[in-house]
Amino acid sequence: QVQLVESGGGLQQAGGSLRLSCAASGLPFSSFVMGWFRQAPGKEREFVAAIRWAIGSTAYADSVKGRFTISRDNAKKTVYLQMNSLKPEDTAVYYCALDITVVVRTTAHEYDYWGQGTQVTVSS
């Protein structure tokens, strides 16, 4: 079955950088979208970024545009989220997710598979 395993979270000062990784296994299909979402305490899970695996096109939430970059390594079946110029409001649990579709969607409930999440904490 499909498994998504995130890594790379941690504690960083405001203005710093972190890179998250999500390794996927058990992929029986070639057309899908990989996304990153985040959830802060007391808030709903929100879209951060997504990439169409086959062609590499990307989408970002306005709050991270220009600071975060999503990319993928097809050979390693891994998606990355490079986070620069971090802000305290970026503090959240970050989740990797997979959507069996060719259209980038930004709503959490539309994604089919989820990783376990990794904590990102940004101090001021």
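The first residue in the sequence is number 1, and the count goes up from there.
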Q. Looking only at atom types and distance, does a side-chain atom of T91 sit under 3.5 Å from a main-chain N or O of V122, one as donor and one as acceptor?
A. yes
Q.
Keeping Q3 on the side-chain end and S25 on the backbone end, is there a donor-acceptor pair under 3.5 Å?
A. no
Q. Any link between V104 and Y113 through a network of hydrophobic side chains (Ile, Leu, Val, Met, Phe, Trp, Tyr) touching at under 4.5 Å?
A. no
Q.
Using a strict threshold of under 4.0 Å (side-chain N to carboxylate O), is an ion pair present between K65 and D62?
A. yes
**Q.** Main-chain N/O of C96 paired with Y111 side-chain donor or acceptor, under 3.5 Å
**A.** no
Q) Would you say T78's side chain and K76's backbone share a donor-acceptor pair under 3.5 angstrom? A) yes
Q: Answer whether the closest heavy-atom distance between the side chains of T107 and F37 falls below 4.5 Å.
A: no
Q: Can you measure from CH2 (W114) to SG (C22) and round to the nearest 0.5 angstrom?
A: 11.0 Å
Q. Do any N or O atoms from the side chain of T101 and from the backbone of V103 form a donor-acceptor pair under 3.5 angstrom?
A. yes
Q. Do R38 and W36 touch side chain to side chain, with heavy atoms closer than 4.5 Å?
A. no
Q) Going from OH on Y94 to CZ on F68, what distance comes out if it is rounded to the nearest 0.5 angstrom? A) 4.0 Å
(Q) Please evaluate residues L98 and I100 with respect to the criterion side chain to side chain contact (heavy atoms under 4.5 Å, CB included), reporting the C-alpha separation (whole Å), side-chain torsions for both, the decisive distance (0.1 Å), and the verdict. (A) CA-CA 7 Å; L98 185 148; I100 306 172; 3.8 Å; yes
Q.
Show the nearest heavy-atom pair for residues A14 and S124, with the distance to one decimal.
A. CB-CA, 4.3 Å
Q: Indicate yes or no: at least one non-hydrogen side-chain atom of L4 is less than 4.5 angstrom from one of Y95.
A: no
(Q) A side-chain contact here means heavy atoms from C-beta on lying under 4.5 Å apart; do M83 and D90 qualify? (A) no
Q | Over all atoms of both residues, closest heavy-atom pair of V102 and S31 | A | CG1-CB, 3.7 Å
Q: Can you see which heavy atom on F47 is nearest to which on T106, and at what distance?
A: CB-O, 3.3 Å
Q. If only atom types and distance count, is the side chain of Q39 paired as donor or acceptor with the main-chain N or O of A92 below 3.5 Å?
A. no
Q: Measure the shortest side-chain to side-chain distance between Q12 and V120 over non-hydrogen atoms and say whether it is less than 4.5 angstrom.
A: no
Q: Output the distance between atom OG1 (T58) and atom CZ (R52), rounded to the nearest 0.5 Å.
A: 11.5 Å
Q. Does Y80 reach the main-chain N or O of T69 with its side chain, forming a donor-acceptor pair under 3.5 Å?
A. no
(Q) Looking at every non-hydrogen atom in both residues, tell me the closest pair between S17 and N84 and how far apart they are. (A) OG-OD1, 2.9 Å
**Q.** Minimal non-hydrogen separation, V79 against S71, with atom names
**A.** CG2-O, 3.2 Å
Q | Over all atoms of both residues, closest heavy-atom pair of N74 and W53 | A | OD1-NE1, 2.7 Å
Q: Any chance you could measure Q82, atom CD, to L18, atom CG, to the nearest 0.5 Å?
A: 8.5 Å
Q | Donor-acceptor contact below 3.5 Å, side chain Q116 vs main chain E6 | A | yes
Q. Are the side chain of R19 and the backbone N or O of G8 linked by a donor-acceptor pair below 3.5 Å?
A. no
**Q.** Chi angles and distances behind the side chain to side chain contact (heavy atoms under 4.5 Å, CB included) call for R105, V33
**A.** CA-CA 8 Å; R105 299 188 284 197; V33 170; over 6 Å; no
